[in-house]
J.: 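Supplied in structure tokens, the structure appears directly below.
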Amino acid sequence: MSENGKVYLIGAGPGDPGLVTVRARELLESADVIVYDYLANNKLLEWTRPDAEKVYVGKSAGRHSIPQDEIEEILVERAQKGLQVVRLKGGDPFVFGRGGEEVRELEMDQIPYEIVPGVTAALASAAYAGIPLSHRDYSSSITFLTGHENPEKHELHIDFRNYAKGKGTLCVYMGIGQLPRIVAELKEGGMNGTTPVGIIEWATLNRQRSVFGTIDSILSDLEASGIGAPAMVIIGEVVGKRAKTEWFEGRPLFGKRIVVPRARQQAGELTRMLEENGAEVIELPFIEIVPAFDAKLVSEIFAGIAVYEWIIFTSANGVRQFFELFYKAYEDIRCLGPMRVAAVGAATAREIEKHRIKVDLIPKKANADALAEELIEQEGLEGIQVLVVTGNLNREGLVNTLETEGRAIVDTLPLYATRKAKLAEDPVATDIRKRGADLVLFTSSSTVRSYVEQSKYLQAEPGASKAAYASIGPQTSKTLKENGLDIAFEASESSLDHYVKDTISFFKQTTDPKQH
Ligand code: SAH
């Protein structure tokens, strides 16, 4: 048994990744194992080490969640092996999250642990709906309650009549399924029918929705709104005192579903800008990256890795794939040897640095030609052995220059292939068909062509809203027209800034008042 294993019980917050603590992020980045249930936001997992083990213990289609004792066993077993284990839980681990049970189990097995609190749903929902939970004149207590709609939980039934009289604020977790009973008991207990109630669904995410009413009206208000779990029910006079400007739901693109077709793997600047304005962005990848390599070549190159003086990475994908294979073959990063490392650009370099390896050369211009030229000019490669880690596309130019102009001895290690995404099975495409979208933002002719080619997988089903099409510039517009697609608007200038501004004006002109 190793001495250094430890379990970190971490609050993942309510959904927006910006709301986890600095400590949580630090631990996610360094953990060996991450044990998580259903997460409001999978983006948190992108911070983890590429070789970290990720264990999903939540519910999935056709399967119940893993029983609590099995989860505890997973934590104990990994920690006893000496691993750093993160147990990630929505909101705060000690608020209706069974964190106490997990801690008790760890103590019984004498496993060291640490607890990192998270922003719990009640606080997040109140903040993002502008409701002050306490108020000098209206509420001087805040109560967290559970409606325990979840049949897997066996908590005691709460008698809400006991909470009907005070002047405090009630925050009900898991309350949607039992709302009729909760409302009835509060009234029986003497709560005034005019007491304000707010319900916030998916708080802090760009799909947040909320509905407000009173104890007397809330059941029908809720039904009319179509809001469901997960949602927070907040009851009390403070709900009536909420802020008038809706700082979160009131942002210009809030509630809009915008599709951004992508030609390449990386998540875009455009997405970030749209999200900042409140849009729910659906990135639609037309190209996917799949591992593709010759296992024999990989082991030959790994065995002789010490002969290379330079290793060149032409993409972040190549880096990820390389280290995944390397860690399978070797336990110690020093097996890489003292070679120097070049990356085609900043994104590739960041991926390398995740492995605590300093990048020796990044060209001023992020392309393969510039990389080859700078290497040759600054380093002189004559007679030197170089390894190029790459995909199946666009590598000939680089290798050629290194060999002919630089007179280096080059080995190429192709590790992945870029191919057309199969939208028929893609969950993103399914989501677009089922829930529809408001707008598709095309950023190039090639994405228009890919869209048209696969359009039968992207048609909104009856009842789902059909998206309008927008174009970033004249060339893209031309391709849209050639393919018979109507253009709702073209960006006034071909830049992302203008594209986003014009998107906001487009919705201002076309949209009706908010739907809830
Ligand atoms: N430990 C969690 C609570 C888990 S119980 C925490 O501290 O927040 C699950 C319930 O939390 C849901 O049924 C819902 O009532 C509430 N909840 C979790 N995330 C939410 C969100 N983003 N918006 C609204 N309610 C949320």
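For ligands, and for the atoms within them, numbers begin at 1 and follow the listed sequence. Computed from heavy atoms alone, side chains included, the values below leave out hydrogens, waters and symmetry copies. Everything numeric here is computed off the predicted structure, so don't read it as measured data.
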J.: Specify whether Y451 and Y469 have parallel, tilted or perpendicular ring planes, treating 30° as the upper limit for parallel and 60° as the lower limit for perpendicular.
T.: perpendicular

J.: Consider salt bridge (Lys or Arg N to Asp or Glu O under 4.0 Å). Of R98, K54, K89, R87, which one does D37 pass it with?
T.: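 Checked R98, K54, K89, R87 against D37; only one passes salt bridge (Lys or Arg N to Asp or Glu O under 4.0 Å): R87.
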
J.: Would you mind listing which atoms of ligand 1 come within a distance below 4.0 Å of any non-hydrogen atom of S125?
T.: 24 (C)

J.: Using a 6.0 Å distance limit plus a 45 degree cone around the ring axis, check whether R209 lies over the aromatic ring of W202.
T.: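 Judged by the rule, R209 and W202 form no cation-pi pair.
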
J.: Would you kindly specify which portion of A121 sits under 4.0 Å from ligand 1, judged on non-hydrogen atoms: side chain, backbone, both or neither?
T.: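 Under 4.0 Å from ligand 1, A121 contributes backbone and side-chain atoms.
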
J.: Any heavy atom of M232 sitting closer than 4.0 Å to ligand 1?
T.: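 Flag set, M232 near ligand 1.
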
J.: Counting only heavy atoms, tell me which of W202, F96, F144 gets closest to atom 4 (C) of ligand 1.
T.: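 Looking at heavy atoms only, F96 sits closest to atom 4 (C) of ligand 1.
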
J.: Between P14 and ligand 1, is there a nitrogen or oxygen pair with a distance under 3.5 Å?
T.: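 Checking ligand 1 against P14, an N or O pair does fall under 3.5 Å apart.
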
J.: Does any N or O atom in V95 lie less than 3.5 angstrom from one in ligand 1, N or O only?
T.: yes

J.: Can you find an N/O atom of M174 closer than 3.5 Å to an N/O atom of ligand 1?
T.: yes

J.: Which pair of non-hydrogen atoms, one from I504 and one from P252, has the smallest distance, and what is that distance?
T.: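 Nearest pair, atom of I504 first, then P252: CG2-CB, 3.7 Å.
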
J.: Hey, is I200 one of the residues with a heavy atom under 4.0 angstrom from ligand 1?
T.: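 The answer is yes: ligand 1 sits under 4.0 Å from a heavy atom of I200.
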
J.: Going by the atom numbers of ligand 1, which of them fall below 4.0 Å from some non-hydrogen atom of T120?
T.: 6 (C), 7 (O), 8 (O)

J.: Any nitrogen or oxygen of G175, main chain or side chain, under 3.5 Å from a nitrogen or oxygen of ligand 1?
T.: no

J.: Could E351 and R320 be called an ion pair, given the rule that one side-chain N must be under 4.0 Å from one carboxylate O?
T.: yes

J.: Going by atom types only, do E249 and Q208 share a side-chain donor-acceptor pair under 3.5 Å?
T.: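 Yes, a side-chain donor-acceptor pair sits under 3.5 Å.
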
J.: Hydrogens and angles aside, do Y113 and E107 bring a side-chain donor and acceptor to less than 3.5 Å of each other?
T.: yes

J.: Looking at ligand 1, does A229 have a heavy atom less than 4.0 Å from it?
T.: no

J.: Of E275, K256, R257, which is the lone residue that meets side chain to side chain contact (heavy atoms under 4.5 Å, CB included) with E280?
T.: R257

J.: Parallel, tilted or perpendicular: which describes the rings of H135 and Y138, with under 30° parallel and over 60° perpendicular?
T.: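 Judged by the thresholds at 30° and 60°, the geometry between H135 and Y138 is perpendicular.
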
J.: Got an N/O contact under 3.5 Å between E201 and ligand 1?
T.: no

J.: Give a yes/no on ligand 1: does A231 have at least one heavy atom closer than 4.0 angstrom to it?
T.: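 Judged by the 4.0 Å heavy-atom criterion, A231 does count as contacting ligand 1.
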
